Amino acid sequence: MSENVVHLHKPTDPAAVTTLTVVPDAPPARPVPLWVRSGRAVKAAVTHERTRAAARAAARHTSYTFNGGRIVARRAWDGRTGSRYERMIRAAEAAGNLEAAEEWEERLQRFRAARHHRRMDLLHSPVEAAKGVAVGAGMSVGVLVGLGVVLAISTGQAADVITPLAATIDFIALLIRIVQIVWGPALTIGPFLALLALWAVGRKQQAAPQWALPANVRSGEGEPITPSIVVKALRDLGIPALRTAIKDMGDAGASMLGLITIAGCGVEVDVTLPSGVSTNEVQNKRRKLAENLTRHEHEVFITIPQAARTVRLWIADSGALDEPIGPSPLVTDDTMTANYKTGRAPWGQDLRGDAAALSLYQRHLLITGLSNQGKTVALRSLALWLSLDRSVQFLMGDLKGVGDWAMFDGLASTLIQGPTDEHVIQVTEMVEGAVDEMNRRIQAPPGTVFPPLIVLVDEAQVAFMCPAKDEDKRPYGGSKANSRYFMAVRKIHNQGRAVNVLMWQGTQDPTNENLPKLVREGAHTRASLALGTESQARMALGDKAVDGGAAPNLLRPGLDKGTLVVASDGITIPAGQSSITVRTHYIDDDAATAITDRAKALRDGVTTLHTIERGEDRDPLADIASVVGMASRVLTQDVLKRLATLNADAYGKWSFIDLKRVLDGTGAEPYKSDGRMVVGRDRLTRALANRDGDGSASADG
């Protein structure tokens with residue numbers, strides 16, 4: 001009991017009475033009752049990990065023994081009856097295979113006939129056995145007596161006649177004695193040995209609840225895919241018709257499966273579903289199927305092959321998809337070149353581990369996905385490969401403007417970089433210039449071969465959503481008939497392919513607002529990285545690809561960077577599938593710069609324009625010199641194309657006659673080199689240096 005504290009207050013007033021103030025201490029803590037402490041101790045003991053482990057071990061080994069008995073009993077029943085054949089007949093009927101059902105019916109009839117024959121033999125076996133024993137015993141006694149007679153003649157002792165018979169009787173007595181000694185312990189130990197055998201059968205089959213299995217078995221990490229695992233995973237999907245059909249199949253569902261084959265960093269198997277189960281029911285259970293297979297959702301892919309009522313499962317090795325693939329051949333092989341018409345760009349690897357190469361010949365391209373998933377790198381790697389074909393020309397617009405395409409400066413004819421409305425206007429006019437070039441090519445004589453012109457716009461959603469309008473109140477963005485960017489893209493999609501003018505676009509987060517339907521459906525090659533929803537996946541790849549199993553919305557944002565789903569006839573897709581999943585090679589900025597340096601070395605030199613100038617007086621001679629750039633000489637056809645790109649209004653309709661008109665009398669007239677008309681850089685330089693100061697060479701083009 002704590003003491004009280006007494007405070008004496010001395011009064012200031014003599015008349016005041018001295019008072020005592022008693023301040024008690026805090027009350028002592030009440031003791032915890034014994035029953036509470038005991039309950040806590042019991043709870044701690046029950047919830048302790050050792051207690052749980054012991055409980056799991058007891059449940060596990062008990063289940064091994066019990067279920068092992070069930071397994072042995074079922075095997076014995078199957079061996080003695082025709083139940084196995086009856087299950088196989090039901091399985092064949094469920095799968096609609098009547099020929100297999102008839103074959104199993106014949107086997108069942110043969111089994112029943114053989115069993116009947118054995119049972120009839122058992123009726124006569126006691127008599128035959130008795131006769132055999134009697135004859136055998138008589139012959140044995142005769143042999144022993146004969147042996148005794150021989151022994152007696154040899155020894156001269158008549159008593160030796162029964163010596164072999166007596167020895168045999170003594171031996172039989174010894175065996176009886178041994179059995180009498182062993183019988184008791186055998187009766188005691190026998191049940192334990194039988195239980196041990198049942199436990200061993202159950203343990204081999206892991207016949208115990210999942211929660212009771214050891215941690216390494218329960219996790220299934222790295223567990224190989226076997227037919228029984230696949231069938232069990234399908235059975236436990238929660239589809240009643242599928243579960244019932246598997247239960248009725250005599251082979252426990254094994255007849256549904258094709259061969260399990262090694263496919264890259266995983267395995268592949270076709271599953272023929274029983275009647276009453278549709279493929280989309282299995283597709284919609286992808287996560288549960290993956291978990292039943294002890295895999296993550298992103299490690300299982302479900303596609304629909306050509307065969308009816310069949311799904312194709314690709315199951316990755318645990319953790320394999322988180323490992324990076326090797327470097328791009330563009331980086332490792334510095335002698336590689338490209339061929340626009342016959343070649344294929346080395347893009348990455350498919351899930352089987354095979355090289356995934358994409359043909360770019362006369363195919364418009366669209367790559368989409370969420371931000372920061374590797375869209376620009378995937379698009380850029382295709383342009384890097386194609387740059388190694390010296391005949392390919394590029395017009396590029398990067399509406400992000402952070403330098404992802406800066407290495408194409410000096411390689412692309414036009415490179416516009418920036419996210420503002422002014423940059424969108426510049427990119428729109430660049431695309432419209434490509435439309436003018438397309439129209440010029442279309443009007444050329446039949447049979448004319450044109451070099452490929454790639455019009456590439458990254459972050460195209462910025463252009464579609466641009467609110468700016470021109471002086472005629474026509475919007476640059478949007479998806480209406482008067483939208484300048486939209487209509488320019490549509491025109492290239494409609495007619496550009498025939499004259500090798502191709503539209504490549506990269507865009508984020510596809511919606512009807514930032515990627516109009518007509519534009520996305522105009523692309524021959526459509527690829528998508530990770531997306532948020534199935535509706536976005538349908539916008540990116542189309543209904544056919546998604547209905548066939550394409551699911552970029554199930555890729556993991558941030559973790560599956562560079563992995564995209566491709567729908568295109570330009571890439572090898574397994575028969576019956578509408579898309580393929582590709583893990584693209586990562587090419588960083590330094591490696592990309594090294595590749596473009598090799599591409600520039602293949603060319604005579606390209607002057608890259610960073611703006612599209614419009615509305616001012618032109619100096620044709622100076623413009624010709626600028627488009628010739630550092631090249632010693634350039635074909636007159638290429639000069640005309642570059643002038644049209646430089647300013648479509650001034651030079652879009654120029655012909656060779658116009659070019660010759662400007663250069664005549666300047667000393668820089670076109671001349672033949674190797675049988676083709678060219679314009680020389682040195683002659684242009686001298687003409688600019690020597691031209692009159694009155695500006696005669698500055699006539700309006």
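Just so you know, these numbers come straight off a predicted model, no measurement behind them.
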Value for CH2 (W385) from CE (M336), rounded to nearest 0.5 Å, stands at 9.0 Å
Examine the side chains of R538 and N553 and answer whether a donor and an acceptor come within less than 3.5 Å of each other. no
Quick check against the 3.5 Å criterion: does D333 have a side-chain atom that pairs as donor or acceptor with the backbone of P329? no
Looking at N280 and Q283, would you say the former's side chain and the latter's main chain have a donor-acceptor pair under 3.5 Å? no
Verdict with supporting geometry, H585 and V331, side-chain contact (heavy atoms from CB on, under 4.5 Å): CA-CA 10 Å; H585 296 295; V331 177; over 6 Å; no
Value for OG (S579) from CG (L564), rounded to nearest 0.5 Å, stands at 11.0 Å
Stepwise side-chain contact (heavy atoms from CB on, under 4.5 Å) check, D409 with H610: CA-CA 9 Å; D409 193 355; H610 297 284; 3.4 Å; yes
Assess whether atom CZ of R287 is packed by more than 12 heavy atoms of other residues, nucleotides or ligands within 6.0 Å. no
Say whether, by atom type as modelled, one donor and one acceptor occur between the side chain of R633 and the main chain of V678 under 3.5 angstrom. no
May I ask you to test the E429-R484 pair for a side-chain heavy-atom distance under 4.5 Å? yes
Rounded to the nearest 0.5 Å, how far apart are CD of Q362 and CG of L502? 7.0 Å
Which pair of heavy atoms, one from D589 and one from R380, lies closest together, and at what distance? OD1-NH1, 2.8 Å
Among R676, M677, K641, which residue satisfies the side-chain contact (heavy atoms from CB on, under 4.5 Å) criterion with L635? R676
Exam field: side chain S387 to backbone T596, donor-acceptor pair closer than 3.5 Å: no
Report the C-alpha distance between D569 and R363 in whole Å, list the side-chain angles of each, state the deciding distance to 0.1 Å, and finish with yes or no for salt bridge (charged side-chain N to carboxylate O under 4.0 Å, His left out). CA-CA 9 Å; D569 62 350; R363 291 179 176 88; 2.9 Å; yes
Using atom types as modelled and distance alone, determine if a side-chain donor or acceptor of R598 lies under 3.5 Å from a backbone N or O of T337. no
Any heavy-atom pair between the side chains of Y485 and V424 that's under 4.5 Å? no
Give a yes/no verdict on a cation-pi contact between R497 and Y361, requiring under 6.0 Å between NZ or CZ and the six-membered ring centre and an angle within 45° of the axis. no
Where the side chain of D436 meets the backbone of G652, is there a donor-acceptor pair that is under 3.5 Å apart? no
With side-chain contact (heavy atoms from CB on, under 4.5 Å) as the criterion, how do W314 and T303 come out once you've worked through the C-alpha distance, each side chain's angles and the decisive distance to 0.1 Å? CA-CA 8 Å; W314 185 85; T303 54; over 6 Å; no
A592 and I587: which non-hydrogen atoms are nearest, and at how many Å? N-CG2, 3.8 Å
Will you find, in the side chains of Q461 and E459, an N or O donor that is under 3.5 Å from an N or O acceptor? yes
Any side-chain heavy atom of L640 within less than 4.5 Å of one from L659? yes
Judged by atom type as modelled, is there a donor-acceptor pair below 3.5 Å linking the side chain of R686 to the main-chain atoms of G667? no
State, yes or no, whether a side-chain contact exists between D604 and V634 at a heavy-atom distance under 4.5 Å. no
Between D458 and K375, is there a side-chain N and carboxylate O pair less than 4.0 Å apart? yes
Contacts of type ring pair (Phe, Tyr, Trp, His ring centres under 6.0 Å), residue W405, not counting sequence neighbours: F408
Can you tell me how far CG of L554 sits from CG of L531, rounded to the nearest 0.5 angstrom? 10.5 Å
Within the side chain of D350, is there an N or O that forms a donor-acceptor pair under 3.5 Å with the backbone of D354? yes
Using 30° and 60° as the class boundaries, would you call the ring planes of H364 and H524 parallel, tilted or perpendicular? parallel
For F450, is there any backbone N or O sitting under 3.5 Å from a side-chain donor or acceptor partner on N500? yes
Looking only at heavy atoms, the pair that brings L541 and A550 closest together is CD1-CB, 3.9 Å
If you define the side chain from C-beta out and look only at heavy atoms, does anything of L621 sit under 4.5 Å from L663? yes
For a side-chain contact (heavy atoms from CB on, under 4.5 Å) check, start with the C-alpha distance between L515 and M539, then their side-chain angles and the critical distance, and finish with the verdict. CA-CA 8 Å; L515 187 60; M539 292 180 185; 6.0 Å; no
Residues H493 and V519: closest non-hydrogen pair is CE1-O, 3.1 Å
With distance as the sole test, does R526 use its side chain to make a donor-acceptor pair with the main-chain N or O of A540 at under 3.5 Å? yes
Tightest non-hydrogen contact, residues L456 and A383, listed as CD1-CB, 4.2 Å
Spatial distance of atom CE (M465) from atom CG (L399) [nearest 0.5 Å]: 13.0 Å
How close do I595 and L388 get, heavy atom to heavy atom, and via which atoms? O-CD2, 4.1 Å
Roughly how far apart are R440 CZ and S655 OG, rounded to 0.5 Å? 10.0 Å
